[in-house]
Amino acid sequence: MSVRVQEDDFDIGAEIDALCEGRVDIGAVVSFTGLVRDMGGGAQLSSMALEHYPGMTERALETIEAEARARWPLQGVTIIHRYGELAPGARIVLVLTASPHRAAAFEAAEFLMDYLKTRAPFWKKETTEHGGHWVDAREADDLAEERWRQ
Amino acid sequence: MSVRVQEDDFDIGAEIDALCEGRVDIGAVVSFTGLVRDMGGGAQLSSMALEHYPGMTERALETIEAEARARWPLQGVTIIHRYGELAPGARIVLVLTASPHRAAAFEAAEFLMDYLKTRAPFWKKETTEHGGHWVDAREADDLAEERWRQ
Amino acid sequence: MRVLYFAWVRERIGLPREEVETSAQTVAELVAELRGREERYALAFSDLSALRVAVDQEVVGFDASLTAAREVAFFPPMTGG
Amino acid sequence: MRVLYFAWVRERIGLPREEVETSAQTVAELVAELRGREERYALAFSDLSALRVAVDQEVVGFDASLTAAREVAFFPPMTGG
């Protein structure tokens, strides 16, 4: 399955190998890995909880993947998104794209991330020594998604 | 060293781990991997020889890296370029960028690849059953580089 | 009809899901019914501009029909990736 | 002065590098001297638009000065990545 929603961590190198295995027609593979980041503000991040909407999440990711495949000549796509309790520095999401050409692989990976940020039903709650708070959606993410619709 | 020119293969997962090790401030890691591609034309590719200009190659890659770091808030950059005899499907080049934000990581990785294509002294010779031929520089690569100068 | 709540909507209402008997024809009518129930619902639905809704796992507007709907979910804007 | 050749320039000339005694003041003058040597040099340098040149590992134009230059390299446009 090219779309996976899981609590477990993933192995980027193994996922890239799986995408390319036995093929000699791929010219470019782009990976994007999102990590739990401590913003370095006043309060230290102790953990991040990722909640999602089982069922809808998989559907949303599959729809996003199909849209990317319709727009670019992709030879492979992998999307893995974790949920649950994650420590600072932990991997959250992996997007892989494979294509004959680098421009398509780059654009499709950016597109997938931009769409995923605004359309996949995930919510993040950060916990610091001052307690927990839900991460607000960023206007920058909406703008990033919009540019693909022009 | 964040820039390496080598005959040996590289391990993408291990390189990403090395870039992120012990850090909790990185939000996004983008990798680009370029592979030896059989174009699927009349003649099957049997191998690709990558020639380079030792000394100048390292200097060119370090200059390209410094330019990317000056343009984007990067927390880490890795550039590995192989030379020598490579089989179809083999990895040629790896570019990694780490940043707090995904847009910077994506843009810097694209920039590095575009510059590397036109400014790093590598030359490719493909061998098929019909013999060997030097790969021509692509006008598309020159155009891709030019867009960063606007 | 199954109604789901996520993130701070779930926290404010105090449960992740419930079965709701309703004759609401639209999401907006369902919201009005829920608001009338208890303070915690009124609080959760006090600012609809901060909320998103999905009917049968598709994001829709608050004017969307509930005809044949089996599952409605309320949540804040998504923050995946 | 050390002169290097790469890719098909190397193949046409038949060697990867050589020491050249020259009083050429610019790359263009060096090219003119090399062209006059032998047929294989004339062939390698027949179309300068297909060639690039680096002086001391910096890409320059064919009008570049060779004053204080230690290393000159001729090669086709780069095809890395």
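If you're wondering where the values come from, they're calculated on a predicted model, not measured in any experiment.
- Every ring pair (Phe, Tyr, Trp, His ring centres under 6.0 Å) that B:Y53 has, sequence neighbours left out, goes to D:F6.
- Per-residue heavy-atom pair counts under 4.5 Å with chain B were compared for A:A90, A:A105, A:P100, and the maximum is reached by A:P100.
- Residue A:Q6 places its CD atom among more than 12 non-hydrogen atoms of other residues, nucleotides or ligands, all under 6.0 Å distant.
- Here the side chains of B:D114 and A:R102 are in contact, with some heavy-atom distance below 4.5 Å.
- Heavy atoms closer than 4.5 Å to chain B are found in the side chain of A:D17, but not in its backbone.
- Heavy atoms of A:I26 lying under 4.5 Å from chain B belong to its backbone as well as its side chain.
- Comparing B:G27, B:P88, B:A28 by heavy-atom pairs within less than 4.5 Å of chain A, the highest count is held by B:G27.
- Within the 6.0 Å centre-distance limit, the rings of B:F32 and A:F106 are counted as a close aromatic pair.
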Inset, instruction - Apply side-chain contact (heavy atoms from CB on, under 4.5 Å) to the pair B:V36 and A:V24, showing each step before the final yes or no. - result: CA-CA 7 Å; B:V36 177; A:V24 295; over 6 Å; no
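- For A:E129, the CD atom is densely surrounded, since the number of other residues' heavy atoms within 6.0 Å is greater than 12.
- Both the backbone and the side chain of A:D38 come within contact range of chain B, judged by heavy atoms closer than 4.5 Å.
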Inset, instruction - Check step by step if side-chain contact (heavy atoms from CB on, under 4.5 Å) holds for A:R23 and B:R37. - result: CA-CA 9 Å; A:R23 300 188 69 146; B:R37 178 163 75 96; over 6 Å; no
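- Residue A:V93 does not touch chain B at all, counting heavy-atom pairs closer than 4.5 Å.
- Heavy-atom pairs under 4.5 Å with chain A were tallied for B:A14, B:G13, B:G89, B:S31; the largest tally goes to B:S31.
- The neighbour count for B:E146 CD, taken as heavy atoms of other residues, nucleotides or ligands under 6.0 Å away, is above 12.
- Separation of atoms CG (A:L45) and CG (B:D25) is listed at 12.0 Å; rounding is to 0.5 Å.
- Interface remark: A:A109 contributes backbone and side-chain atoms alike to the contact with chain B (heavy atom separation under 4.5 Å).
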